[in-house]
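Letters go in sequence order (proteins before strands), and every chain restarts at 1. This is a predicted model, so every value here is computed, not measured.
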Number of protein chains: 2
Amino acid sequence: MSTKPRYEQIADHLRTEIEKGEFLPGDKLPSEKRLCDYFDVSRITIRQALKSLETEDLIFKKQGLGAFVREEPAKQNLVQLTDFSEDMRRAGHRSSSKLIRFKKVEADTEINTTLEVPPSSPLIRVDRVRIADDIPVAFDVTWLPASYGHLLLDEDLNNRTIYEILEGTYSIPISAGRYKITAAAADEYVAKHLGVEVGSPVLEIDRCSRTTAGKKVYFQKRYNNPKYISYDIELFRNDNVEGSSKDGLPLKEFTPRFYF
Amino acid sequence: MSTKPRYEQIADHLRTEIEKGEFLPGDKLPSEKRLCDYFDVSRITIRQALKSLETEDLIFKKQGLGAFVREEPAKQNLVQLTDFSEDMRRAGHRSSSKLIRFKKVEADTEINTTLEVPPSSPLIRVDRVRIADDIPVAFDVTWLPASYGHLLLDEDLNNRTIYEILEGTYSIPISAGRYKITAAAADEYVAKHLGVEVGSPVLEIDRCSRTTAGKKVYFQKRYNNPKYISYDIELFRNDNVEGSSKDGLPLKEFTPRFYF
DNA sequence: TGTTACAACATGTCATAACAAGTATCTTAT
DNA sequence: ATAAGATACTTGTTATGACATGTTGTAACA
């Protein structure tokens, strides 16, 4: 299709106007009739555009009154388990990573099983310490099947994420994976690099990422120093929601929190 | 309004048919033309009904092909940070709680600030150990302003949740609050009740709940033994989604995991 | 000054109609 | 028998139109 449908173009236009601040939160949009005249289209076309924006929760409509920009077109329902460097940049901290170890290691039952490679296949292991404002705040250990791990061989792992290299440079389409949140005691190796006592509690987040076809690409354990990093969650409770909250509640916000 | 719009009635009817199993996941719904004939309404009315079901993610539509029932109208985007006893029941484990401590305690700067009560106001503190399959798996410490805490005085805290008492018995409308996930070392008191070594890592989840009007009702720290409890997260990655995932990804699943 | 009725304006529902674009099936040509 | 083209079916986009329902402002009346 060479051109977008009109209602989409109009929705795009209105969305841009809102994002530019031409219409502020709480402002009323022009009436349907005025928009019809302005864009020289029929009312159904305007209504589809407005419906689309309403579905995005960017506006709300009220019969007899009009359409209004919502107060908080907030990013909701997103889980910020993103790049370390991205998290830091967003929070206004300088970050860096230091490669501690890159080597081929022997098979490990748990890891090989998790990565779904043969039980005796060797793995590539990548260890890095994550530094923010010159403080070591997290340490991660990543295991990849050898086939993927070799792709990282000559890459700058101090400045690039594994995800970025595999997907960006090698076009390996990585889909989001599963995470596990738990707590662990820092062993001697981790404690050394985090600058904490052996046995100190760390907030451990394990991650296994796969290709969009389902093939496991890497398995990573990240050990966050809880003195510097925790996670905040906020949930909705809508009185509209019928029945009890026994199934759980919708997510409003999942963000990392830093204490530097 | 005495009767529903027709498109809503039709959507309701189709939704019921799907829920009853008249149309199974993957099944194609009748064409728009056939639905127009069947319900004796115009096409726009049918299209609005179908659009509504599509917005609910109950069906998907494909141009030239038709509308189909989705494979998984799964419960998604829900965060299962629910009752301890509910989590256990759902996972098929016997659970119980044991009240360890219920007393009025002196003001604490951090807690009083969090609960937004005057800095010198005393608090009610409720400590309980959470037991699953006869194993102590978590320990929680709850602080309430005295006004709310006194309501718990004669309640059976071994078998009822604080939430349940305040909302169920006293009709205090509690909205979901904020949570913080971190890791901590079990002090002597917690270690004793969890049956672990002093200093052992625990997965700490702090929670502050408020009324729907925004008044803080209780603040709770829960210490989960990571040997028995962790949390799994799965995220979506849609190829439809444009731009990078720098803002985070949508939540698919957030569930506790038990190792008993 | 306060209340009520009415008109103007605005969105919601529904109908009829036509053309565009996508998919599957049938027919014709090689 | 297979491939290409035509046709039938299906959903997507857009226009015109009418009536229902909700909101606000103004004028008239008590």
*Asks:* To the nearest angstrom, how far is A/K62 atom NZ from C/dG12 atom P?
*Replies:*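 Roughly 10 Å, once rounded to whole Å.
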
*Asks:* Starting at atom CD1 of A/I46, determine the distance to atom C1' of D/dT13, rounded to an integer number of angstrom.
*Replies:*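 Result: 14 Å.
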
*Asks:* Please give, in whole Å, the distance from C/dT13 C1' to A/R43 CZ?
*Replies:*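 Distance, rounded to whole Å: 9 Å.
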
*Asks:* Write down the distance between CD (A/E8) and P (D/dT13), rounded to a whole number of angstrom.
*Replies:*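 Rounded to whole Å, this separation is 7 Å.
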
*Asks:* Quick one: does B/E32 reach the base of D/dT11 with a side-chain donor-acceptor pair under 3.5 Å?
*Replies:*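 Side chain to base: no pair present.
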
*Asks:* Less than 4.0 angstrom from a charged side-chain N to a carboxylate O is my criterion; do A/D12 and A/K4 meet it?
*Replies:*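 Here A/D12 pairs with A/K4 in a salt bridge, since their nearest N and O are under 4.0 Å apart.
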
*Asks:* Report the distance from atom CD1 of A/I59 to atom P of C/dT11, rounded to the nearest whole Å.
*Replies:*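 These atoms are roughly 10 Å apart.
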
*Asks:* Identify whether any heavy atom of A/R6 sits under 4.0 Å from a base atom; if not, whether one sits that close to sugar-phosphate; answer base, sugar-phosphate or nothing.
*Replies:*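 Sugar-phosphate contact only.
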
*Asks:* With a sphere of 6.0 Å drawn around CZ of A/F60, does it hold more than 12 non-hydrogen atoms of other residues, nucleotides or ligands?
*Replies:*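 Counting other residues, nucleotides and ligands, CZ of A/F60 exceeds 12 neighbours.
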
*Asks:* Any side-chain N or O of B/T45 below 4.0 angstrom from OP1/OP2 of C/dT13?
*Replies:*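 Indeed not, no polar side-chain atom of B/T45 lies that close.
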
*Asks:* Nearest whole Å is fine: how far is C/dA8 C1' from A/Q63 CD?
*Replies:*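 My rounded result for the distance is 16 Å.
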
*Asks:* Roughly how far, to the nearest 0.5 Å, is NZ of A/K180 from CD of A/E204?
*Replies:*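 It is 6.5 Å, given to the nearest 0.5 Å.
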
*Asks:* How would you label the contact of B/I44 with the nucleic acid (heavy atoms, under 4.0 Å): base, sugar-phosphate, or nothing?
*Replies:*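 Base, at least one base atom sits under 4.0 Å.
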
*Asks:* Considering only side-chain heavy atoms of A/S42, which listed nucleotide, D/dT11, C/dT13, D/dT14, is closest?
*Replies:*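 Given the options D/dT11, C/dT13, D/dT14, the side chain of A/S42 is closest to D/dT14.
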
*Asks:* Rounded to whole angstroms, how far apart are CG on B/L50 and C1' on D/dT10?
*Replies:*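 Those two atoms, CG and C1', are 12 Å apart.
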
*Asks:* Please state whether the rings of A/H93 and A/F258 are parallel, tilted or perpendicular, taking 30° and 60° as the class boundaries.
*Replies:*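 Rings of A/H93 and A/F258: perpendicular, over 60°.
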
*Asks:* Between A/A67 and B/D40, just flag the one whose closest nucleotide in DNA chain C comes earlier from the 5' side.
*Replies:*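 Nearer the 5' end of the strand: A/A67.
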
*Asks:* Could A/K221 and A/D140 be called an ion pair, given the rule that one side-chain N must be under 4.0 Å from one carboxylate O?
*Replies:*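 Salt bridge between A/K221 and A/D140, a charged N being under 4.0 Å from a carboxylate O: no.
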
*Asks:* What's the NZ-P distance between B/K61 and D/dC9, to the nearest Å?
*Replies:*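 My rounded result for the distance is 20 Å.
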
